K.L.:
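Encoded as structure tokens, here's the structure I'll be asking about.
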Protein chains: 2
Amino acid sequence: MEQFRVGEMVVAPGMTLLEEGQGSAHLFTVLSGLGIRSTMLENGRRQVINFLFPGDFIGLQAGLAGEMRHSVESTTSMVLCVFNRADLWDLFREQPERAYDLTWIAAVEEHFLGETIASLGQRDATERLAWALLRIHERLSAIGLAERGRVPMPWRQQDLADALGLSLVHTNKTIRRLRETGHALWAGGTLSIDRERLAALALVDPDRPRRRPLI
Amino acid sequence: MEQFRVGEMVVAPGMTLLEEGQGSAHLFTVLSGLGIRSTMLENGRRQVINFLFPGDFIGLQAGLAGEMRHSVESTTSMVLCVFNRADLWDLFREQPERAYDLTWIAAVEEHFLGETIASLGQRDATERLAWALLRIHERLSAIGLAERGRVPMPWRQQDLADALGLSLVHTNKTIRRLRETGHALWAGGTLSIDRERLAALALVDPDRPRRRPLI
DNA sequence: CGTCACCTTGATTAGATTCAATACAAGTGG
DNA sequence: CCACTTGTATTGAATCTAATCAAGGTGACG
């Protein structure tokens, strides 16, 4: 992968890396830090499409040559590995294994978006929150960011609300209930969960691990 | 692509091509006909992830080697081109252009799922229906299935409802309103729309054409 | 002519939004 | 060092959208 790497990029929290509607000559992978990928509707409402974790690939969704249809912003400070979009074709010709991995990543991403669609379409507020917190916790645990069951949770309630299609107020009240019932404790930028019970609430099979490839 | 083609498959309407939870040794492209890709939640509710049109690629989302996490069924009779999943690696090694196209397709798919997420999260029932009907109409028009503005629309209201996260009843009432206001006429398996006004209702920019690649 | 699949419609209820305040902590400038 | 702004979290009350419940209606088909 080395020869396609343009460089490394360090960004401060709260920065916009990619702007909806802009073209971008670069692709990125997240080396560290957490972020958000989102779009705006014409009416100004924001939808968070997914949260970004170390290992995620950014920019492919624009179409392999196209213009961004979503924004990417950093939540914490992030370190990104930068690739040249124009070199992608060379990658496919010269390193089929890497190209294969890339496609794998896109396919897995697509699968996860499908799960998100199922959540937004079929789960109620409590189930959605349970599902999201579980998912985030598992993802962060998988990359080794858990300490005694507690993972960093730097996003705002508003971000969760925008990701799940709920209002901020309702999100807040639902989180409170999850806290009171001991399903999930999210405070001070940190999250810990009662995995079994949260999975039951979220209508998720807790035994099926969600593997993720790395590039 | 010829050398990777295993064969052609013709299926009757209403058949299940791929079952959630089953492994599949094959990948498909839709040559003709329309279908549905969906999942079930643990509580038995169905989510339609997307509708399938000629040109769509099926099976990549399972992960390049994995087990199906969704079902695929035919709505009309369909003709599919069948590929061997095991040959995929050869494709990447021997035909980088084709591999590139494949990745492109996955990326575009992913982009469209992102749009769906935005709809489920941020649009109300009327907007969602408008958006869905517009999208279906444009897609079918793009592949030349429109006749004097009318396209085939073989899905049931229940399918639309499951795709948009709405109840059948509410979907029905909303469609009626769209019909009464002249935004969209869907009857007898055929759909015609007032494109401009429907796009306005759907909060979509009507001038941005949605290109799709073909393999 | 009865059954089945799908569409349609009215009445009622529940879940989520919106509105409106309050609380609290971290900065910032005078 | 304190008043003041700013961003985020919290909570109660009022309202509304969409779900659920419960019947019909229609057309195809054996």
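Numbered from 1 within each chain, the chains take letters A, B, ... in sequence-line order. Computed from a predicted structure; not experimentally measured.
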K.L.:
Hey, does the side chain of A/Gln122 reach the backbone of B/Leu41 with a donor-acceptor pair shorter than 3.5 angstrom?
P.N.:
no
K.L.:
Using whole Å, report how far CZ of A/Arg156 lies from P of D/dT10.
P.N.:
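In whole Å, D/dT10 P and A/Arg156 CZ are 14 Å from each other.
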K.L.:
Once you round to the nearest 0.5 Å, how far does CD of A/Glu73 lie from CG of A/Leu18?
P.N.:
11.0 Å
K.L.:
Hey, where on DNA chain C does chain A first and last touch, going 5' to 3'? Cut-off is any atom under 4.0 Å from a heavy atom.
P.N.:
C/dA16 to C/dC19
K.L.:
Could you work out, with side-chain hydrogen bond (donor to acceptor under 3.5 Å, both in side chains) as the rule, every residue matching A/Glu19, not counting sequence neighbours?
P.N.:
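In terms of side-chain hydrogen bond (donor to acceptor under 3.5 Å, both in side chains), with neighbours along the sequence ignored, A/Glu19 is linked to no residue.
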K.L.:
OP1 or OP2 of D/dA9 sitting under 4.0 Å from any side-chain N/O of A/Asn172?
P.N.:
no
K.L.:
B/Thr174 and B/Thr126: which non-hydrogen atoms are nearest, and at how many Å?
P.N.:
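That would be CG2-CA, 3.7 Å.
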K.L.:
Is the side chain of B/Thr76 donor-acceptor paired with the backbone N or O of B/Gly33 at a distance under 3.5 Å, no angle test?
P.N.:
no
K.L.:
Show your working on ring pair (Phe, Tyr, Trp, His ring centres under 6.0 Å) between B/Phe53 and B/Trp155 and close with a plain yes or no.
P.N.:
CA-CA 12 Å; B/Phe53 301 88; B/Trp155 295 288; 5.8 Å; yes
K.L.:
Using a 3.5 Å distance criterion without hydrogens, assess whether the side chain of A/Arg37 forms a donor-acceptor pair with backbone atoms of A/His70.
P.N.:
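Pair absent, no side-chain N/O of A/Arg37 close to backbone of A/His70.
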K.L.:
At under 4.0 Å between heavy atoms, which parts of nucleotides 18-30 of chain D does protein reach? Answer with one letter per nucleotide, 5' to 3': B base, S sugar-phosphate only, - none.
P.N.:
BSBB---------
K.L.:
Compute whether any side-chain donor of one residue and acceptor of the other, for A/Thr103 and B/Thr103, lie under 3.5 angstrom apart.
P.N.:
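Yes, side-chain donor-acceptor contact under 3.5 Å.
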